Amino acid sequence: MTQSPGEPLSRRRFVHLAAVGASVLAGGSLAALSSCDNSSTGPGGEGDPTRTPLLMPGTLAVTGGSLIAAPGTARISRTESSAAWLFEGGLPGPTIRARPGELARIQLQNGLPEPTIVHWHGVLVPASMDGHPRQAIGPGASYDYEYPIVQRAGTFWYHPHAHHLTAGQVHRGLAGFFIIEDDEEDALGLPTGDREILLLLQDRQGDAAAFDYSPDAADLVSGMLRDTPFGNGLRRPTLQVSGERYRFRILNASQARIYRLGLSNGGALTVIGNDGGLLPSPVQVDSVFLGVGERADVLIDFAPYAAGTRLTLKSLPFTVEFSPAARYPQGLEMDLLELVRTDATGPGDSPLPAVLSSIPPLLSGGAPDRHFVFQSTGVGDMHLINGLTFDMDRVDEQIPLGQVERWAFFNDSTLPHPVHLHGTHFQVESRTGGRNLVYPYEAGWKDTVLVMPLETVAVLVRFDRYPGVFPLHCHNLQHEDMGMMLNVEVV
Ligand code: C2O
Ligand code: CU
């Protein structure tokens with residue numbers, strides 16, 4: 001795979017298809033790039049020319065790399081680009097791949113005009129390595145991360161976490177994948193290489209202001225919602241697929257948008273994993289809710305579709321009780337990724353094992369040990385947990401290390417709140433009110449759970465590795481920046 005050093009796309013490569021031939025970025029101008037795009041459409045069907053071919057990010061070695069956050073230029077379509085802030089020049093930033101037992105050593109370098117710090121969302125790290133807002137570093141400074149990889153395989157991600165600045169930095173383009181692989185997952189024979197698709201979803205304004213960050217008063221209530229879908233930083237992406245099984249690792253890195261993933265033809269999605277890694281068994285569903293910060297690991301088999309078939313990965317419509325102030329409501333139907341079946345086929349995929357992973361359930365009797373009430377009042381400090389706004393130096397809860405607790409998250413507002421906990425994963429036990437069920441794809445381990453208005457979600461939590469102070473917060477990035485966050489201290 002050729003890269004083109006020295007220009008904004010250097011960290012990216014095309015997803016190429018064996019039978020269609022490589023669509024290689026040979027370097028040079030954007031004009032050269034789009035003629036490459038054209039030559040990549042094979043006899044099996046032309047993609048929609050107004051769409052942008054999906055690109056995969058480059059990679060960063062976990063065992064010794066620098067990760068520079070700096071202003072740059074993001075290409076947003078075949079012909080347009082936008083000023084952005086990027087990790088190593090790309091959105092997504094370079095993918096970090098690691099295996100248990102490896103020692104991660106990454107130096108963050110702050111090339112931004114404001115403080116930043118990186119949080120490894122879903123990766124279990126000591127509190128000093130977690131990117132707590134107190135650890136933010138100023139422009140020109142660097143932060144040396146060093147921690148062992150101590151967990152099983154899964155799709156994780158990294159993004160800035162400086163207080164009041166997270167939303168703007170993510171929106172301007174700072175986010176990347178952190179993938180852990182292990183022997184258990186290897187044994188399943190899941191699709192790899194060109195059939196392993198990383199898809200970072202965001203909604204943006206569809207024009208040259210796509211990466212500008214200037215939320216208005218309504219955005220600060222609902223969170224910033226826009227109406228144009230971007231995948232891996234590209235507007236309305238399209239992807240050519242062969243007649244084989246593909247793995248899609250899908251990340252919601254939006255500001256506030258919740259997706260309900262589904263296929264345009266109503267076909268089933270096979271979900272094999274979520275935030276914390278593999279599910280116990282694959283589940284077949286028509287749709288998957290994906291709140292901000294959540295991940296879905298999904299298999300789609302294109303063998304049943306004729307060459308030339310066009311499908312779309314969509315966000316299906318849904319309704320939520322919602323603030324009337326919002327101009328772009330949650331639940332908007334969106335075309336997230338066009339999928340064009342080429343005439344290429346493969347040797348055929350072996351059946352998926354019925355058991356993916358064995359996950360011991362956490363057990364705890366009795367009433368919830370802790371209650372967290374999420375409120376959006378619309379005035380003053382408007383997004384609160386238990387009546388409090390974030391004070392990064394205040395400890396709100398002390399949690400004994402190694403003990404299983406039951407926590408209840410109650411959404412006492414008309415806005416969705418995707419609740420995220422650092423420092424461990426949890427198991428979703430029940431959801432009462434609202435949708436009133438736990439979806440099969442919420443089994444296993446989670447680090448973020450979507451709590452819709454008037455829902456109570458009970459989770460079982462155990463911090464079993466690292467003591468210290470970890471945040472619990474809403475991952476709607478406007479809510480988070482405005483203080484919908486507490487500190488829990490593991491003791
Ligand atoms: Cu993805 Cu505290 O964040
Ligand atoms: Cu929220």
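Because the structure is predicted, anything quoted here is derived from the model rather than measured. Note that ligands are numbered from 1 as they come in the structure, with each ligand's atoms numbered from 1 the same way. Because only heavy atoms are used, hydrogens play no part in the values below, and waters and symmetry mates are left out as well, while side chains stay in. Residue indices begin at 1 and follow the sequence shown.
- In terms of the side chain to side chain contact (heavy atoms under 4.5 Å, CB included) criterion, residue partners of Val491 (sequence neighbours excluded) are, by chain and number, Gln398, Glu489.
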Stepwise side-chain contact (heavy atoms from CB on, under 4.5 Å) test for Asp130 and Phe470: CA-CA 8 Å; Asp130 188 51; Phe470 294 98; 3.6 Å; yes
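- Between Arg99 and Asp186 there is a salt bridge, since at least one side-chain N of the basic residue sits less than 4.0 Å from a carboxylate O of the acidic one.
- Side chain of Arg295 to backbone of Ile250: no donor-acceptor contact under 3.5 angstrom is found.
- Below the 2.8 Å limit, the Cu ion (ligand 2) has as protein N, O or S neighbours His417 ND1, Cys474 SG, His479 ND1.
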If you apply the rule side-chain contact (heavy atoms from CB on, under 4.5 Å), what do you find for Tyr466 with Thr424, and how did you get there? CA-CA 9 Å; Tyr466 298 118; Thr424 191; over 6 Å; no
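- Residues passing the salt bridge (Lys or Arg N to Asp or Glu O under 4.0 Å) test with Arg226, sequence neighbours excluded: Asp219.
- For atom 1 (Cu) of ligand 1, protein N, O or S atoms closer than 2.8 Å were enumerated as His121 ND1, His159 NE2, His475 NE2, with waters left out.
- Atom CZ of Arg249 sits about 9.0 Å away from atom CZ of Phe156, to the nearest 0.5 Å.
- A side-chain contact (heavy atoms from CB on, under 4.5 Å) with His422 is found for exactly one of His121, His132, His473, namely His473.
- For Gln478 (side chain) and Met224 (main-chain N/O), a donor-acceptor pair under 3.5 Å exists by modelled atom type.
- Take the N/O/S atoms of His473: the one nearest atom 2 (Cu) of ligand 1 is NE2.
- Between Glu294 and Lys446 there is a salt bridge, since at least one side-chain N of the basic residue sits less than 4.0 Å from a carboxylate O of the acidic one.
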